[in-house]
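Heads up, the thing below is written out as structure tokens.
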Amino acid sequence: MDKITFIALWDTYRGLLTPTQQEITDLYFNLDLTLSEIAEQKGISRQAVSECLKTCKQQLEEYESKLHILESTRNYSLQISFMMTDAVRWAENFKSAHPELSAEADGLLAIIDKDYGEEVKAALKIKRS
């Protein structure tokens, strides 16, 4: 499992880990401490840190395989991005067809850009590929 996937799973399911597991995984993945640094800080062996990380990865993957929360969240976000992309296209077409209402369309575009700009740009890239 790559670091980005692990962090996404950790963000989603960390509340299901023990406080010690949460702390060790946070130190390793978010603060980039080495196994030795974590072991020294926690007063445990390097092997214990390694085993904890391995167990946590397995638990997080198991939670996702059963609950699919991360997958659902990503799908939902993608659907919203596509809808916002369609809204942008509609507003741009509306401006062309009704120049007298251009200010209203610009207002809509500004709101979409402010709240969903990055998602819309990402969705446009996905739709083009």
Side-chain angles (χ1 to χ4, degrees):
M1 170 188 342
D2 64 57
K3 185 175 180 177
I4 293 171
T5 302
F6 177 83
I7 291 172
L9 288 172
W10 187 82
D11 284 341
T12 304
Y13 297 109
R14 73 174 165 244
L16 299 176
L17 299 175
T18 68
T20 300
Q21 288 175 321
Q22 289 180 37
E23 184 179 4
I24 289 173
T25 53
D26 183 45
L27 292 170
Y28 186 76
F29 285 99
N30 294 327
L31 300 178
D32 290 325
L33 296 183
T34 65
L35 298 180
S36 299
E37 290 169 329
I38 297 168
E40 184 178 323
Q41 185 173 335
K42 298 292 293 169
I44 58 177
S45 70
R46 188 179 178 283
Q47 181 63 33
V49 173
S50 178
E51 287 298 317
C52 177
L53 291 171
K54 180 181 174 187
T55 300
C56 289
K57 287 178 183 179
Q58 290 170 342
Q59 282 180 297
L60 294 172
E61 288 174 333
E62 184 177 329
Y63 294 147
E64 178 62 13
S65 73
K66 291 179 179 178
L67 301 173
H68 305 287
I69 294 172
L70 180 60
E71 178 186 356
S72 297
T73 302
R74 287 179 171 171
N75 288 337
Y76 178 72
S77 294
L78 189 58
Q79 288 174 356
I80 289 174
S81 296
F82 287 148
M83 289 175 13
M84 291 300 104
T85 301
D86 290 342
V88 167
R89 288 185 178 141
W90 176 86
E92 289 170 349
N93 290 335
F94 184 83
K95 275 176 56 173
S96 297
H98 303 283
E100 71 279 6
L101 297 173
S102 180
E104 287 81 358
D106 284 340
L108 174 61
L109 289 169
I111 291 168
I112 291 171
D113 188 51
K114 178 181 168 266
D115 294 342
Y116 300 99
E118 293 304 314
E119 291 91 342
V120 169
K121 290 173 190 161
L124 283 169
K125 286 180 187 173
I126 291 170
K127 277 191 169 182
R128 288 182 187 141
S129 22

Considering only residues two or more places apart or on different chains, which pairs with a residue in residues 13-22 satisfy side chain to side chain donor-acceptor pair (under 3.5 Å)? Asp11-Arg14, Tyr13-Glu64, Thr18-Gln21, Gln21-Gln59

Heavy atoms only: give me the nearest Ala48-Ser45 pair and the separation to one decimal. N-OG, 2.9 Å

Would you say Leu16 and Leu53 are hydrophobically clustered, going by side-chain heavy atoms of ILVMFWY under 4.5 Å? yes

Hits for salt bridge (charged side-chain N to carboxylate O under 4.0 Å, His left out) against Glu62, two or more places apart or cross-chain, chain-then-number order -> Lys66

Please check if the side chain of Thr12 supplies one atom and the backbone of Ala8 the other of a donor-acceptor pair under 3.5 Å. yes

In terms of hydrophobic clusters joined by side-chain contacts under 4.5 Å, are Trp10 and Leu67 together? yes

What orientation do Phe94 and His98 show, parallel under 30°, tilted 30 to 60°, or perpendicular over 60°? tilted

Any Tyr28 side-chain heavy atom under 4.5 Å of Val49 side chain: no

Just to verify, what does His68 make a ring pair (Phe, Tyr, Trp, His ring centres under 6.0 Å) with, not counting sequence neighbours? none

In terms of hydrophobic clusters joined by side-chain contacts under 4.5 Å, are Ile69 and Ile4 together? no

If you measure from CG on Leu60 to CG on Leu70, what distance do you get to the nearest 0.5 Å? 10.5 Å

Over all heavy atoms of both residues, which pair between Ala91 and Ala105 is shortest? Give the atoms and the distance, please. O-CB, 3.9 Å

Checking Thr34 now: which residues fulfil side-chain hydrogen bond (donor to acceptor under 3.5 Å, both in side chains) with it, not counting sequence neighbours? Glu37

Can you list everything that forms a ring pair (Phe, Tyr, Trp, His ring centres under 6.0 Å) with Phe29? Sequence neighbours excluded, please. Phe6

Report the distance from atom CD of Glu92 to atom OG of Ser102, rounding to the nearest 0.5 Å. 11.0 Å

Are Ile24 and Ile44 side-chain neighbours, meaning at least one heavy-atom pair lies under 4.5 Å? yes

Does anything in residues 101-112 pair up under salt bridge (charged side-chain N to carboxylate O under 4.0 Å, His left out), and if so which pairs, sequence neighbours excluded? Lys95-Asp106

Approximate separation, where rounding is to 0.5 Å, of Ser50 OG and Ile38 CD1: 10.0 Å

Rounded at 0.5 Å granularity, tell me how far CD in Glu23 sits from CG in Leu31. 10.0 Å

Taken to the nearest 0.5 Å, the spacing of Lys57 NZ from Glu61 CD works out to 8.5 Å

